[in-house]
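Chain A is the first sequence line, chain B the second, and so forth, proteins listed ahead of strands; every chain is numbered from 1.
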2 protein chains.
Amino acid sequence: MKNYDIAVYGLGVMGSSLAKNMINKGFKVAAFSKSEAEKERFALNGKEDSYVVCSTKEQMLSSLKSPRIIFLMITAGAPVDSVIEDLLPALEPGDIVIDGGNSYFKDTSRRYNDLKEKGICYMGVGVSGGEKGALLGPSMMAGGSKEGWEASKHILKTIAAYYKDEPCCTYIGPEGAGHYVKMVHNGIEYAILQLIAETYHIMKYGLNLEHDSILGTFENWKNSKLDSYLIDISVTVLEKMDEDNTPLVDKILDVAEQKGTGKWTLEEAIDRGVYIPTIFEAVFARSFSSNKEIRVQGNKHLSHSGSPYTLDDYEKKLGEALLAGVIASYAQGMALIAKASEENGWKIDLSELASVWREGCIIRSVLLSEVKESLTEEKENLMLSEAFHYITKLEPALREVVTKTSSAAIAIPALASALNYYDYFRMEQMPVNFVQALRDCFGAHTYKRVDKEGYFHTEWEK
Amino acid sequence: MKNYDIAVYGLGVMGSSLAKNMINKGFKVAAFSKSEAEKERFALNGKEDSYVVCSTKEQMLSSLKSPRIIFLMITAGAPVDSVIEDLLPALEPGDIVIDGGNSYFKDTSRRYNDLKEKGICYMGVGVSGGEKGALLGPSMMAGGSKEGWEASKHILKTIAAYYKDEPCCTYIGPEGAGHYVKMVHNGIEYAILQLIAETYHIMKYGLNLEHDSILGTFENWKNSKLDSYLIDISVTVLEKMDEDNTPLVDKILDVAEQKGTGKWTLEEAIDRGVYIPTIFEAVFARSFSSNKEIRVQGNKHLSHSGSPYTLDDYEKKLGEALLAGVIASYAQGMALIAKASEENGWKIDLSELASVWREGCIIRSVLLSEVKESLTEEKENLMLSEAFHYITKLEPALREVVTKTSSAAIAIPALASALNYYDYFRMEQMPVNFVQALRDCFGAHTYKRVDKEGYFHTEWEK
């Protein structure tokens, strides 16, 4: 009986895909779900010898080889706590529990520490790639118990996506480190989605290009440094026609909601004082969009002095501006992870992290090999790396696109934030000296000087 | 003995100033501090009959008329809890405890609810105006116990700043509502400080103006809608010369730290999904400034294609751009308070709130009468009010300043964010439809349509 390699708990879209991935790669899987419907639906033709759908959690646990590995793929939040609580009496020291959902990293850290006391190896693993990735090979960022990782990595690495012959799966760090980097991955994803959408918007509503010209531009970008999954599916999206044979994207309402990971990424940035303006703008573009009525009102109420939009050689310039924006987004995300790693003592290898994002995950792109390379330089920020020194060649296009789009009265805050981010790194002198003078004047907050050490206060009004 | 009107607990800079203010206005004050040094230092010549410096907290409490009012002016955070705990055994139902520090509003809500159970009237009062304001008349935003407010308002309103014959002190709402609006007041203050500093920076480093021309510009702005305390002290700051008779502001290092209230304001905005980009940029200008070394490196590493800066009629255009930025900052802050009020059931009267900011506090300005007026219109956002419809007259200057400054490779993210904010309200069509298409393509997140109700999912790749 005890000859199953791993249990998969939760057989929804992601759980069943992941279980099938394991079975297809030769592992014997004990599948379980609280949902009878999910259990009944689970089947993989021709592989019946390689899995069992368990009636009870006791059957699931008793089917497993030692050490027992239980991979949870259930809704993040309270359900994870309740399943752990339910399993706990039947667990033994050395058992490995893996949470593969989009859990909040602080929850994962808490669960890791609680279960560590009981001798259970708890892991929080960020899994990216959607349903298809889960089935064919996701990118996986493992965090938590190192012992659990050593005992389960033969499975995780086998079912992962591969970049050439390297699995896109690694151990990131203790506690919630795996879910932390998945959260920031999603923050970067927010930023890139918004940058792509703004670029599309410029072509359609600024330059008034025909749909086919826009589609052609995205197709051409596939043969550039922009080559990535998100540019691939931009083409897919633009190719899709609605029933009336007009582009489906034009029928989609410009309202969105934003959920956990974007918000959590911003909270972390604020808590740690790491400037991630492009991610901020991407998250809030969704929030702001949700009230369409106010924009309709505003459009009537507020006039503008914008000039007509012209941009020669737009394909090249917009492509370069977009690429610069994507680089800035990676720089921001990596800076946040670096700070969190340092402050939490996680010792995350950023270069290794970039390497597992090269395949399987949503932000996979040819650029990630350069991100990986840049992070081996151990510069304080990726913007200052030699690997990305070519961003100086993109800067003229980014500046031209941002200023011309602003002149034309089209808001592109994500692209604009990337330009500001670039310029901030160049600003040896920031306006903050004036802020400090004012604060000392009204509140005696003191200031530092350029020519002397220490803190100073002035009686300004005398 | 029991003939003192109010106790002031904590005799630091703010506490002693506030106590003296009360004494000067004719109230009898029982002063107390845990610090012997503070107690010894406290004195108000010629008013010895109007106050007593108490040796013990028991003496302080037994000196008070009924209902007893104890005004705490101590360091925010744990000290407040510890003082409350210490006082609690000696307190009686009906006693009024007021926290006048910069407490985190969630702490205030918790204390309010804890003490309510015990029959104690707890109030969190935001006090703005610094040392001078505390002594001569601060702006005060009272929150918490309504009963406590009714019993103490004769004192609070008397010692407050006055705008014409109206006291700048009102009851804002229950729980932590008073400290909440003080927090957002500080967020707006961050934004305005940064906007002023960016404008100064443009004149000095963009237009390369002489110091006296910059000073003259700020002096002239005092006679415009920009007339405000922060413009007044900008002049004060620019007038101040260092020992070598060069402007002191040039000797101040451009590094700052950011503390509680800015960070809390951003956390709230994220939590409630309210877009406050100008406050975000102001808070992070300080964070980003703190690592000067990276900016020195970046300045060497990153080239730029910026063009020389020219701006005709700069005093008028920069003034209009700054004013538009200030209006956008008020709009953002007020939008956040409105959302919090709605979600917490606080029923804050925003117009009334604006009226107590007209004098005494750091952001006082002639503009606040218009803010007050705009908020009586009950528009969803101040940007759409009739009172501020003249922002459309400022928009050309804001757009020109932002685009020219960006063209000149000077980062002014706060001014730029104000322009984006303006344009976002005008964008009946945002790029978010493309984001939604991509999200549905990779993650089946579904989307809404412009022509039909409901949520839709497409198999994009077929």
Practice prompt. Determine whether the side chains of A:Glu380 and B:Asn291 contain a donor N or O and an acceptor N or O closer than 3.5 Å.
Written response: yes
Item to complete: Counting only heavy atoms closer than 4.5 Å, note whether A:Leu230 contacts chain B via side chain, backbone, both or neither.
Response: both
Practice prompt. May I ask you to say whether A:Lys448 pairs ionically with B:Glu257, meaning some side-chain N is under 4.0 Å from a carboxylate O?
Written response: no
Practice prompt. Give, as side chain, backbone, both or neither, the part of A:Ala409 having an atom under 4.5 angstrom from any heavy atom of chain B.
Written response: both
Worksheet item: Is the ring centre of A:Tyr421 less than 6.0 Å from the ring centre of B:Phe284?
Response: no
Item to complete: State whether a side-chain donor-acceptor pair under 3.5 Å links B:Glu395 with A:Ser305.
Response: yes
Worksheet entry | Atom group of A:Glu461 that falls short of 4.5 Å from chain B, counting heavy atoms | both
Discussion item. Looking at B:Asp423 and A:Arg295, is there a salt bridge between them, counting it only when a charged N and a carboxylate O are closer than 4.0 Å?
Written reply: no
Response to the item:
Under 4.5 Å to a heavy atom of chain B? For A:Thr446 that would be neither
Response to the item:
Turns out that what part of A:Ser290 lies under 4.5 Å from chain B's heavy atoms comes down to neither
Worksheet item: Non-hydrogen atoms of chain A under 4.5 Å away: do they reach the side chain of B:Arg449, the backbone, both or neither?
Response: both
Item to complete: Report yes or no: do A:Glu281 and B:Asn420 form a side-chain donor-acceptor pair below 3.5 Å?
Response: no
